[in-house]
Amino acid sequence: MAQIIDISKKITNELPVVKITEELVVTVNNRKSVVLNIQAMVEQMEREGKDEDTAFMTKVMEMLIGKKHADEVEKMDLPLNEYTMLFETIMSVATGEYGSTPSEK
């Protein structure tokens with residue numbers, strides 16, 4: 001008899017949530033289509049020899065947390081290092097890498 005691998009409990013179809021401030025809690029759109037579109041944008045920029053910039057980061061944030069919440073983040077006018085940390089956190093949540101150890105990747 002074939003072995004049955006049951007992953008049904010791992011498939012929740014729930015979107016992750018990130019708390020940015022006490023007032024700003026965002027849902028991260030980690031759907032495959034969105035993440036693949038972002039990866040395609042990164043690959044295109046690499047082919048064109050462009051580096052990521054804040055305009056690119058803003059566009060990605062709009063795709064992952066929605067324009068309204070991305071605008072709220074922009075209004076916070078965070079120091080660049082904090083904005084970058086926020087961006088990287090949201091990206092890692094979207095790709096499922098947040099909190100994982102190297103052996104879990």
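Here Leu78 contributes atom CG and Met85 contributes atom CE; the two are 8.0 Å apart, rounded to the nearest 0.5 Å. Atoms CD and CD, from Glu23 and Glu72 in turn, are 10.0 Å apart once rounded to the nearest 0.5 Å. Rounded to the nearest 0.5 angstrom, Ile5 CD1 and Lys10 NZ are separated by 10.0 Å. We find the CD-CD distance between Glu46 and Gln44 to be 11.0 Å, quoted to the nearest 0.5 Å. Note: Leu64 CG to Thr27 OG1 = 12.0 Å, rounded to the nearest 0.5 Å. Of the inter-residue distances, the one linking Tyr98 atom OH with Met91 atom CE reads 15.5 Å to the nearest 0.5 angstrom.
Residues Glu62 and Ala70 come closest through the heavy atom pair CG-CB, 3.6 Å.
Connection of Ile20 to Leu15 is not established within any shared hydrophobic cluster, with ILVMFWY side chains joined at heavy-atom distances below 4.5 Å, either directly or through further cluster members. There is a path of hydrophobic side-chain contacts, each under 4.5 Å, that joins Val42 to Leu86.
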Kindly indicate, with the supporting measurements, whether the criterion side-chain contact (heavy atoms from CB on, under 4.5 Å) is fulfilled by Thr95 and Asn30. CA-CA 7 Å; Thr95 59; Asn30 65 348; over 6 Å; no
Give the C-alpha distance, both sets of side-chain angles, the deciding distance and a yes or no for side-chain contact (heavy atoms from CB on, under 4.5 Å) between Met76 and Tyr83. CA-CA 9 Å; Met76 293 170 66; Tyr83 183 83; over 6 Å; no
side-chain contact (heavy atoms from CB on, under 4.5 Å), that's the test. Do Met63 and Ile38 meet it? Break it down for me. CA-CA 8 Å; Met63 293 171 72; Ile38 292 168; 3.7 Å; yes
Quick one: do Lys59 and Met41 satisfy side-chain contact (heavy atoms from CB on, under 4.5 Å)? Show the steps, please. CA-CA 10 Å; Lys59 175 65 177 165; Met41 289 169 49; 3.9 Å; yes
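With a 4.5 Å cut-off on side-chain heavy atoms, Thr84 and Met57 count as touching. Residues Asp51 and Met45 have side chains not in contact (no heavy-atom distance under 4.5 Å, counting atoms from C-beta outward). Annotation: side chain of Val17 is not in contact with side chain of Val93 (no heavy-atom distance under 4.5 Å). Contact check for Phe87 versus Val73: no side-chain heavy atoms found under the 4.5 Å cut-off.
Salt bridge annotation for Asp71-Lys67: present, with a cationic side-chain nitrogen under 4.0 angstrom from a carboxylate oxygen.
For Arg31 and Asn37, the side-chain atoms include no donor-acceptor pair closer than 3.5 Å.
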